[in-house]
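Keep in mind the model is a prediction, meaning the values are calculated, not measured. For the numbers below, each heavy atom of this structure counts, side chains included, while hydrogens, waters and symmetry mates do not.
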Amino acid sequence: MKQLPLIDLLVILVYLAGMVLMGVYFSRKNKSTAQFTTASGSIPGWALGLSLYATFLSSNTFLGVPGKAFGGNWNAFVFSLSMPLAAVIAAKYFVPFYRRSGEVSAYTHLEHRFGPWARTYAMVCFILTQLARMGSIFFGVALALQALTGLDMKTIMIVTGLCIIVYTVLGGMEAVIWTEVLQGIVKTAGALIILGIILMDMKGGAGEIFRVGSADQKFSLGSFSMTDIGTSTFWVVLLYGFFINLNNFGMDQNYVQRYHAARSDRSAARSIWLCVYWYVPVSLAFFFIGTALYAYFQQHPEMMEAVRQQAAAERNVPAASLTPADYGDKVLPYFMVTKVPKGLVGLIIAAILSAAMSTISSGMNSSATVFLKDIYERYINPAPGPKTEMRVLYVATTVAGIAAIGFGMAMIGVKSVLDVWWELSGIFAGGMLGLFLLGMVSKARNVEAVLATVIGIVVILWMSLSKYFPDSLQHIKSPLHVHMVIVVGTLSIFLAGVALARLKRVKPEVSNI
């Protein structure tokens, strides 16, 4: 096992202890369901904005984005460019809608609109999305910390998970938000420190990075062809990002709870834009880190070969068969192990931990809220007392954290954590968003919604499973890139529902749900 210097260990321990103590501090106020789920609507807009930013900037961004830029180009940055488009719609329509409804759960209105099945379907999709996201984040942080500490990945997930469970259970949403504010600052500082170390040690500085990156097409945003939807072009990623971000801002319980936690409608809407203003440039910095590492490793071929050999040994394949895209996720951790000076390693590990903890803690809290509102109170006990509600929230939060750790362990060995998360999120989110939009902007009734959802699920399954089709079924394989699953799945449900409603002579218009 690698032995971290004492000062780095102290930084990590102080950070972890600080997170737990914040949970203990806010536990004094955490005595009601409203406080646990929405902080009783007491959070200022700037804190909510930083909280949303911290949720977006997970360890998938911290580690996966540099890995993608190292092994490929900046095509995935188009996802960030799509955020303002989704933010316009969210701030104008979604925030007022949820604030006006007064429902903590994002899925209650679907029952009012289409019946219990719609609420349950969306809730199941959300929980699966959250488990996939939290699991991928646990895997990403364990991958990095294994390289830095030598600890077993499963051990890292368990220790990190226990810390997150403790402060999330104790402090509720208020602890989640204020720890995320701190975590957002820590992880941003960590990224800037890494970039500074690369630039200072790079022969030729930033100019050399731009020279190498330009020569090898590392700054490319992808093909601008509007007819090629079978590869990850600029337009494919833009569409994917728009629909995913629309789902995040409009259907994700993590965000809906924050809208209710705001002091006013205006504060809630401003928090979305503050998230965008922070995330877009910081995600750009992470892409630049990946390209900078690519140029740096060109100057240090022995480091490139060491990472390649490490990846080959883990997969039991010849090193010569691997390309930079196959081991991009391992490059940043290896650089930190070999090049980051003593004293700063602890801070960067704290930044990686904060990148994971912020998203996981909010995912645990929102999953527990959904379980209480959409499962327990809907199907088990419609009128629990305050003590029962809090007990259910505590247990559900703990179970969600343990399940996420299990998902993370199941992902050990995957090629790219960012690719895995993008694919799973597209599969689970497509059905939710399509049904939500159908309820928002059409007069489709229950029967049309059921038929449209079935059509959408069939389309999503066809696109998602096409890559596993045997040779005899290649002629019916989906020709679309996997990023198009959420786009086509959403549109299939929405357009099928609108078409069926028209057949019933119902004109689509804004409903009053």
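- At least one donor-acceptor pair under 3.5 Å links the side chain of Gln253 to the backbone N or O of Val104.
- A tilted orientation is assigned to the rings of Phe126 and Tyr107, their planes being inclined by 30° to 60°.
- The aromatic rings of Tyr279 and Tyr53 lie perpendicular to each other, with more than 60° between the two planes, well past the 30° mark.
- Between Ala262 and Leu48 the shortest heavy-atom distance is CB-CD1, 3.2 Å.
- When all heavy atoms are compared, the tightest approach of Asn75 to Phe234 is ND2-N, 3.9 Å.
- Residues Ser367 and Ala400 share a closest heavy-atom pair of CB-CB, 4.1 Å.
- The local environment of CZ in Phe219 is crowded, with over 12 non-hydrogen atoms from other residues, nucleotides or ligands closer than 6.0 Å.
- Using a 4.5 Å heavy-atom cutoff, the side chains of Arg113 and Met440 are not in contact.
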Practice item. Could you give me the CA-CA distance, side-chain angles and deciding distance for Asn365 and Thr168, then say whether side chain to side chain donor-acceptor pair (under 3.5 Å) is met? Key: CA-CA 7 Å; Asn365 185 280; Thr168 305; over 6 Å; no

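- Proximity of a side-chain donor or acceptor of Ser271 to a complementary backbone N or O of Ala268 within less than 3.5 Å is detected.
- When all heavy atoms are compared, the tightest approach of Ala501 to Ala444 is CB-CA, 3.9 Å.
- Between the side chains of Thr233 and Ser223, no donor-acceptor pair is found at a separation under 3.5 Å.
- At distances below 3.5 Å, not a single donor-acceptor pair connects side-chain atoms of Thr160 with backbone N or O atoms of Met157.
- To the nearest 0.5 Å, atom OH of residue Tyr259 and atom CG of residue Leu52 are 7.0 Å apart.
- At least one side-chain heavy atom of His483 sits under 4.5 Å from a side-chain heavy atom of Val237.
- For Tyr296 and Phe335, the distance between ring centers is under 6.0 angstrom.
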Practice item. Show your reasoning for whether side-chain contact (heavy atoms from CB on, under 4.5 Å) applies to Phe70 and Leu332. Key: CA-CA 9 Å; Phe70 180 93; Leu332 181 55; over 6 Å; no

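- Taking the six-membered ring for Trp and the full ring otherwise, Trp273 and Trp46 have centroids separated by 6.0 Å or more.
- Distance alone, capped at 3.5 Å, is enough to place a donor-acceptor pair between the Thr291 side chain and the Phe287 backbone.
- Residues Phe94 and Phe436 bring their aromatic ring centres within 6.0 Å.
- Remark: Ile455 CD1 to Phe494 CZ distance equals 14.0 Å, nearest 0.5 Å.
- Remark: the backbone N or O of Val280 is paired with a side-chain donor or acceptor of Ser283 at under 3.5 angstrom.
- For the pair Arg119 and Phe114, the minimum side-chain heavy-atom distance is 4.5 Å or more.
- Under the ring-ring contact (aromatic ring centres under 6.0 Å, His included) rule, Phe56 has a single partner from Trp278, Phe79, Tyr255, which is Tyr255.
- Ile43 is not listed as a side-chain neighbour of Arg263, based on a closest heavy-atom distance of 4.5 Å or more.
- Nearest heavy atom pair, residue Asn254 against residue Ser362, reads OD1-O, 2.7 Å.
- Under the 4.5 Å side-chain criterion, counting only non-hydrogen atoms from C-beta, Leu284 is in contact with Trp74.
- In this structure the side chain of Asn248 reaches within 4.5 angstrom of the side chain of Asn245, judged on heavy atoms.
- Pairing each heavy atom of Asp228 with each of Val236, the nearest pair is O-CG2, 4.2 Å.
- The number of heavy-atom neighbours closer than 6.0 Å to CZ of Arg270, taken from other residues, nucleotides and ligands shown, is 12 or below.
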Check your understanding: Going through the checks in order, is the side-chain contact (heavy atoms from CB on, under 4.5 Å) test met by His481 and Ile229?
Key -> CA-CA 6 Å; His481 192 273; Ile229 54 177; over 6 Å; no

**Study point:** Chi angles and distances behind the side-chain contact (heavy atoms from CB on, under 4.5 Å) call for Met123, Val370
**Key:** CA-CA 7 Å; Met123 175 268 298; Val370 165; 3.0 Å; yes

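- Of the possible donor and acceptor atoms, none in the side chain of Lys330 sits under 3.5 Å from a partner among the backbone N and O of Gln310.
- Of the possible polar contacts, none joining the Ser51 side chain to the Ala47 backbone as a donor-acceptor pair under 3.5 Å is found.
- To the nearest 0.5 Å, atoms CG (Leu451) and CD1 (Ile493) are separated by 12.0 Å.
- With contacts defined as side-chain heavy-atom distances shorter than 4.5 Å, the pair Met134/Ile405 does not qualify.
- Atom OG of Ser442 is separated from atom CG of Leu500 by 10.0 Å, given to the nearest 0.5 angstrom.
- No donor-acceptor pair under 3.5 Å is formed between the side chain of Lys477 and the backbone N or O of Phe469.
- Residues Glu180 and Arg258 are paired through a salt bridge, judged by an N-O separation under 4.0 Å between the basic side chain and the carboxylate.
- Using modelled atom types and a 3.5 Å distance limit, the side chains of Ser225 and Thr227 yield a donor-acceptor pair.
- Under a 3.5 Å cut-off, the side chain of Trp117 and the backbone N or O of Val450 do not form any donor-acceptor pair.
- Note that CE of Met432 and OG1 of Thr453 are 12.5 Å apart. Values are rounded to the nearest 0.5 Å.
- One distance of note links OG of Ser478 with CG of Leu461; it measures 12.5 Å at 0.5 Å rounding.
- Annotation: side chain of Phe97 is in contact with side chain of His109 (closest heavy-atom distance under 4.5 Å).
- The one candidate from Tyr294, Phe77, Phe210 that meets the ring-ring contact (aromatic ring centres under 6.0 Å, His included) condition with Phe288 is Phe210.
- Under the 3.5 Å distance criterion, with hydrogens and angles disregarded, no donor-acceptor pair is assigned to the side chains of Ser366 and Thr369.
- Listed for the Lys68 side chain is no donor-acceptor partner under 3.5 Å among the backbone atoms of Asn73.
- Checking Arg100, Arg99, Lys92 one by one against Asp265, the salt bridge (Lys or Arg N to Asp or Glu O under 4.0 Å) holds for a single residue, Arg99.
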Exercise for review: Mind running side-chain contact (heavy atoms from CB on, under 4.5 Å) on Tyr98 and His260 for me, showing each step along the way?
Suggested key: CA-CA 8 Å; Tyr98 284 116; His260 289 294; 4.3 Å; yes

